[in-house]
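The structure appears right after this line, and notes come after that.
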Amino acid sequence: MVGIGRSLVCFCLIMGLWCSGAGQAIASSHTYPEGGERVMLRSLQTLRDRRDQTWQLVLFKRLNAGRTESIHLRVVGFPGGAEFQHPKPLRLAARDRSWTLKDVLSDDSAFPANVGEYDVWEPITQLRSNAPLQLVLPVSPVAAELVVPPFVVKEWRQLV
């Protein structure tokens, strides 16, 4: 009888933790003061494209005196790998919509060729669900395709 009681207590504890969402605390969001009334909020994720190449995605929102100045997505590939074709746009697709995102880095920017940065203000503020997103990165020699999973979309929506 004691074994059944312990099992029931363990089951209830596990279910309570699962229902509370405690197991989903994998977010990587941070706040950084930039001086004065400027603040940057950032989400950092690492994902693999369809060819198993690793990419770092950094979504960041800049605030000045509490007002949003910009929302950008910085995409960083492995050094020596694919190179971004500036100023080509990035394509973003949701289940029912797609966007062409403006490249905010120029050909002669100080960033290395494996870095791209795009204005995501419009699409990120219009997302109404955590459904996966598709990214098509304008890199050479061949465009890279990434699927942004729901847990990342949820984090991005919470950041915005």
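- Interatomic distance, Asn130 CG to Glu155 CD, rounded to the nearest 0.5 Å: 11.0 Å.
- Taken together through direct or relayed side-chain contacts under 4.5 Å among Ile, Leu, Val, Met, Phe, Trp and Tyr, Leu47 and Val153 form part of one hydrophobic cluster.
- Leu57 contributes atom CG, which lies 6.0 Å from atom CG of Leu146 (distance to the nearest 0.5 angstrom).
- By the 4.0 Å N-to-carboxylate-O rule, Glu145 lies too far from Arg51 to be salt-bridged with it.
- By the 4.5 Å heavy-atom criterion applied to side chains, Gln126 and Arg97 are counted as neighbours.
- The minimum heavy-atom distance between Leu101 and Asp119, with the atom names listed, is CD2-O, 3.6 Å.
- The number of heavy-atom neighbours closer than 6.0 Å to OH of Tyr32, taken from other residues, nucleotides and ligands shown, is above 12.
- One finds the CZ atom of Arg48 at 9.5 Å from the OG1 atom of Thr46 (value rounded to the nearest 0.5 Å).
- Put simply, Ile124 and Trp55 are part of the same group of oily side chains (I, L, V, M, F, W, Y) that touch within less than 4.5 Å, one to the next.
- Here the straight-line distance linking atom CZ of Phe111 with atom NE2 of His86 works out to 9.5 Å at 0.5 Å rounding.
- Using a 4.5 Å cut-off on side-chain heavy atoms (C-beta onward), Arg95 and Ser129 make contact.
- Scanning both residues, Ala94 and Leu127, for their nearest heavy atoms gives CB-CD2, 4.3 Å.
- Remark: Leu73 CG to Leu90 CG distance equals 7.0 Å, nearest 0.5 Å.
- Pairs of residues two or more places apart, or lying in two chains, never qualify as salt bridge (charged side-chain N to carboxylate O under 4.0 Å, His left out) while including a residue from residues 125-143.
- Pairs engaging residues 63-74 under the salt bridge (charged side-chain N to carboxylate O under 4.0 Å, His left out) rule: Arg38-Glu69, Arg74-Glu117 [sequence neighbours left out].
- Interatomic distance, Trp99 CH2 to Leu135 CG, rounded to the nearest 0.5 Å: 11.0 Å.
- Residues Pro150 and Pro132 form a side-chain contact, since some pair of their non-hydrogen atoms from C-beta on lies under 4.5 Å apart.
- Contact detail for Leu159 and Ser43: the closest heavy-atom pair is CD1-N, 4.2 Å.
- Tracing side-chain contacts under 4.5 Å through hydrophobic residues (I, L, V, M, F, W, Y), one never reaches Leu105 starting from Leu59; they form parts of separate clusters.
- Within 6.0 Å of the CZ atom in Arg91, the count of heavy atoms belonging to other residues, nucleotides or ligands does not exceed 12.
- Between Val160 and Ile71, some side-chain heavy-atom pair lies under the 4.5 Å cut-off.
- The heavy-atom pair separating Pro123 from Leu92 by the smallest distance is CB-CD2, 3.6 Å.
- Looking only at side-chain heavy atoms (C-beta outward), Trp156 and Val120 stay at 4.5 Å or farther from each other.
- In this structure, the side chains of Glu34 and Arg62 come closer than 4.5 Å at one or more pairs of heavy atoms.
- Sorted by first and then second residue, the salt bridge (charged side-chain N to carboxylate O under 4.0 Å, His left out) pairs involving residues 77-89 (not counting sequence neighbours) form an empty list.
- A 4.5 Å side-chain heavy-atom check between Val147 and Leu133 finds every atom pair outside the cut-off.
- Counting only distance, with no hydrogens or angles, the side chain of Lys102 and the backbone of Pro89 share no donor-acceptor pair below 3.5 Å.
- Ring pair Phe84/Tyr118 is tilted by interplanar angle, where 30° to 60° counts as tilted.
- By the 4.5 Å heavy-atom criterion applied to side chains, Leu44 and Gln56 are counted as neighbours.
- Residue Phe60 is not grouped with residue Val104 when hydrophobic side chains (ILVMFWY) are merged at heavy-atom distances under 4.5 angstrom, including chains of intermediate members.
- A donor-acceptor distance shorter than 3.5 angstrom exists from the side chain of Thr125 to the backbone of Trp121, with no hydrogens or angles considered.
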